[in-house]
2 protein chains.
Amino acid sequence: MKVGLDVMGGDYAPGVTIDGALMAAAETGNNDRIVLVGDRSIIEELLHKRDADKTQFEIVHAPDVIRMGEHPIKAVTKKPQSSISTAARLLKSGEIDAFTGAGNSGAMLVSAMYSVSTVHGVIRPCTATFIPKENGGQSVLLDIGTVPDAKPDVMYQFAILGSLFARHILNIHDPKIGLLNIGEEEEKGNILCQSTYHLMKDSTDFNFYGNVEGRDLFNEKADVIVADGFTGNVVLKQIEAMYDILAKRNLLDDYTRRFNYENYGGSPILGINSTVVIGHGISTAQAIKNMILLAVEMYNSHLSDKIRDAFLKYSQNQ
Amino acid sequence: MKVGLDVMGGDYAPGVTIDGALMAAAETGNNDRIVLVGDRSIIEELLHKRDADKTQFEIVHAPDVIRMGEHPIKAVTKKPQSSISTAARLLKSGEIDAFTGAGNSGAMLVSAMYSVSTVHGVIRPCTATFIPKENGGQSVLLDIGTVPDAKPDVMYQFAILGSLFARHILNIHDPKIGLLNIGEEEEKGNILCQSTYHLMKDSTDFNFYGNVEGRDLFNEKADVIVADGFTGNVVLKQIEAMYDILAKRNLLDDYTRRFNYENYGGSPILGINSTVVIGHGISTAQAIKNMILLAVEMYNSHLSDKIRDAFLKYSQNQ
């Protein structure tokens, strides 16, 4: 397979993106190739400086860059030669099988959704992240910001997407789905959660555990935590803030160290007809490496096909 | 002043509530008296066992108890002789000036709101908590669960209530109000936050800072963090979960130790015509003590009157 990397994306690009690509190349299989998308002369110079074998990569020239602060839709339209727009085109044409980058996440989302379209039956694609469980393993939290005003049917689909992701990427046989709420009982919560609970409670599309609360984010109750994009984003950024504080204060141990986003690399977009992983703007080389490896794993596990199959079945049953 | 304590409320009641009352009595001023509400024989026996001078308290007999799992409205109606219902009556009649307890929080809320009513002009009373700032001091987070589906005008009023609380209880001269959102810019967020931002941005009722994110919960940007009750509750319980993990793993230092809810004692209800502080179900004696002291401080600072005056002015300007 071929995984594209936006070399120009990220606060420390292009130096650390190249470093991350080199680290990833050393770990990927022989059949997996990294396609570096960005200014060719910059890429070649950086590889040369690092004494790297440039034949291990493919390079696709893209002279323009979309900056972090730019308006996603405007930037994608105005800059067809940007690394993000170019990578999205390569994804559409099949020249790459997966697209990764730590640049303007809105622009990545927009260009990916335009170029490969949404899986048939999926109302709104979403973005997911990992949360380390205290007793080992990870859970999946979704959505983390793509759909701030999710409706109950959209939340229901998040559960299907999260369940497939947990099964095929985290290898959890029958993932337990928790609805992030403010009480354990069915009637608790805001209107969104009450309605969503009602939809989920007798589901045969996934294994519904029930409500989980903020205090359950790190325990064993659920393998997948479903939230609207607003709440999920607040939860994720609160975790990041706490990790930064613990790191600064030398309060990391074998568990709290696992909250470092670098371990996870990036957030996959779920519900589109391809494999796209969006990295954190502050990505280090380690984070870039893990972002690329996650995309490779997602592609090689045929997650996108499995999501398509599941939603075909789901749409037929509606 | 007289502060009522629901002796029967809390997972470890009545033993630890009596211990907490004794600790609080040792710290309150001469003009502040604690009124113990609950089964008289149990209270007297516990005081006797502790060799305590029972004349430092008043005791009001209430033979019945509302348990944690009971439905708030049903329980309050069915059990007029419960400690919670009795304390609410004392609050209404003026025999106590403030009401504290760590029992069924829904029942406390319902009975308090029935007995003393909402401040004129306040659409929905709310509940607040403290968040320790990393650089010292605290901020106020509200709402934390009373209004899971808040509307923009209700959120606006949370800002007024939080501002008064921060000024008069935390002694912050001109508290900065942050709207908890998922991006810094005005147009970010869910529909609720977009509309709320629009209402708040030119406010003269409080000092609006702008949006804050999950990553800003512990920094200096805001003194008051306004959220709907759903999001606020998730944030608070996530903090508590993280604190428990850090405590268990011996990762407490001078900052992370401050996340212990015991330091704050309880959550005040803001927007009603009296002083009510609801404690955590798992309250220890230390937490009970601090809950009582917070109520005393709130009463003695005339916060409730100041809220009434502010909403009189606010209603006239509408």
Side-chain angles (χ1 to χ4, degrees), chain A residues 69 71 106 131-135 143-150 180-185 187-194 212-219 225 227-246 248-257 259, chain B residues 69 71 105-106 131-134 143-150 180-185 187-194 212-219 225 227-246 248-257 259:
Chain A
H71 186 279
I131 295 183
K133 292 183 187 180
E134 203 195 350
N135 293 336
D143 174 50
I144 56 164
T146 304
V147 193
D149 283 292
L180 186 57
N181 203 333
I182 62 172
E184 291 179 0
E185 303 86 354
E187 70 278 7
K188 285 290 169 75
N190 55 10
I191 294 169
L192 172 65
C193 282
Q194 290 171 11
V212 294
E213 300 178 75
R215 65 167 65 98
D216 301 315
L217 285 163
F218 314 113
N219 69 25
I225 296 164
D228 64 274
F230 185 89
T231 311
N233 186 277
V234 170
V235 165
L236 173 62
K237 287 179 179 162
Q238 181 176 340
I239 287 176
E240 291 180 355
M242 191 52 79
Y243 173 80
D244 287 345
I245 286 170
L246 297 179
K248 193 165 62 176
R249 305 183 76 87
N250 290 314
L251 297 176
L252 297 182
D253 69 0
D254 57 326
Y255 177 57
T256 53
R257 194 169 284 119
F259 282 94
Chain B
H71 187 279
S105 58
I131 295 183
K133 292 184 187 181
E134 203 196 349
D143 174 50
I144 56 165
T146 305
V147 192
D149 284 290
L180 186 58
N181 203 335
I182 62 172
E184 292 179 359
E185 304 86 354
E187 71 279 5
K188 285 290 171 76
N190 56 10
I191 295 170
L192 172 64
C193 282
Q194 290 170 12
V212 294
E213 300 178 77
R215 66 168 63 99
D216 301 315
L217 285 163
F218 314 113
N219 69 23
I225 297 164
D228 63 275
F230 185 89
T231 311
N233 187 276
V234 171
V235 165
L236 173 61
K237 287 178 179 162
Q238 182 175 340
I239 287 175
E240 291 179 355
M242 191 52 79
Y243 172 80
D244 287 346
I245 287 170
L246 297 179
K248 192 165 63 176
R249 305 184 76 87
N250 290 316
L251 297 176
L252 296 181
D253 69 359
D254 55 327
Y255 177 58
T256 53
R257 193 168 285 120
F259 282 95

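Residue numbering restarts at 1 for every chain, and letters A, B, ... go by the order of the sequence lines.
E213(A) pairs by the salt bridge (Lys or Arg N to Asp or Glu O under 4.0 Å) definition with R215(A), K237(B), not counting sequence neighbours. Partners of D253(B) under the salt bridge (Lys or Arg N to Asp or Glu O under 4.0 Å) rule, at least two apart in sequence or in another chain, are R249(A).
Distance check, rounded to the nearest 0.5 Å: CE of M242(A) to CE of M242(B) gives 6.0 Å.
Proximity to chain A (any heavy atom under 4.5 Å) is restricted, for F218(B), to the side chain, taken from C-beta onward. Heavy-atom distances place both the backbone and the side chain of L180(B) under 4.5 Å from chain A. Using a 4.5 Å cut-off between heavy atoms, K248(B) contacts chain A through its side chain alone, with no backbone atom that close. Residue Y243(B): no heavy atom, backbone or side chain, is found under 4.5 Å from chain A. Of the atoms belonging to N219(B), not a single heavy atom falls under 4.5 Å from chain A. The contact between L217(B) and chain A is made entirely by side chain atoms (from C-beta outward), counting heavy-atom distances below 4.5 Å.
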Checklist entry - Would V234(B) and V234(A) satisfy side chain to side chain contact (heavy atoms under 4.5 Å, CB included), going step by step from the backbone distance to the final call? => result CA-CA 9 Å; V234(B) 171; V234(A) 170; over 6 Å; no
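Using a 4.5 Å heavy-atom threshold, the side chains of V235(B) and V235(A) count as separate.
Counting heavy-atom pairs closer than 4.5 Å to chain A, the top residue among N181(B), L236(B), L251(B), L252(B) is L251(B). Highest contact tally toward chain A, considering only I239(B), D228(B), N250(B), D244(B), is held by I239(B) [criterion: heavy-atom pairs under 4.5 Å]. Chain B forms more heavy-atom pairs under 4.5 Å with one residue of L192(A), N233(A), D216(A) than with any other, namely N233(A).
Judged purely by atom type and a 3.5 angstrom limit, D149(B) uses its side chain to pair as donor or acceptor with the backbone of I191(A).
For A241(A) against G214(B), the heavy-atom pair with the smallest separation is CB-O, 4.1 Å. Contact detail for I245(B) and E134(A): the closest heavy-atom pair is CG1-OE1, 3.7 Å. Shortest non-hydrogen contact noted between P148(B) and N190(A) is O-CB, 3.7 Å.
The neighbour count for E184(A) CD, taken as heavy atoms of other residues, nucleotides or ligands under 6.0 Å away, does not exceed 12.
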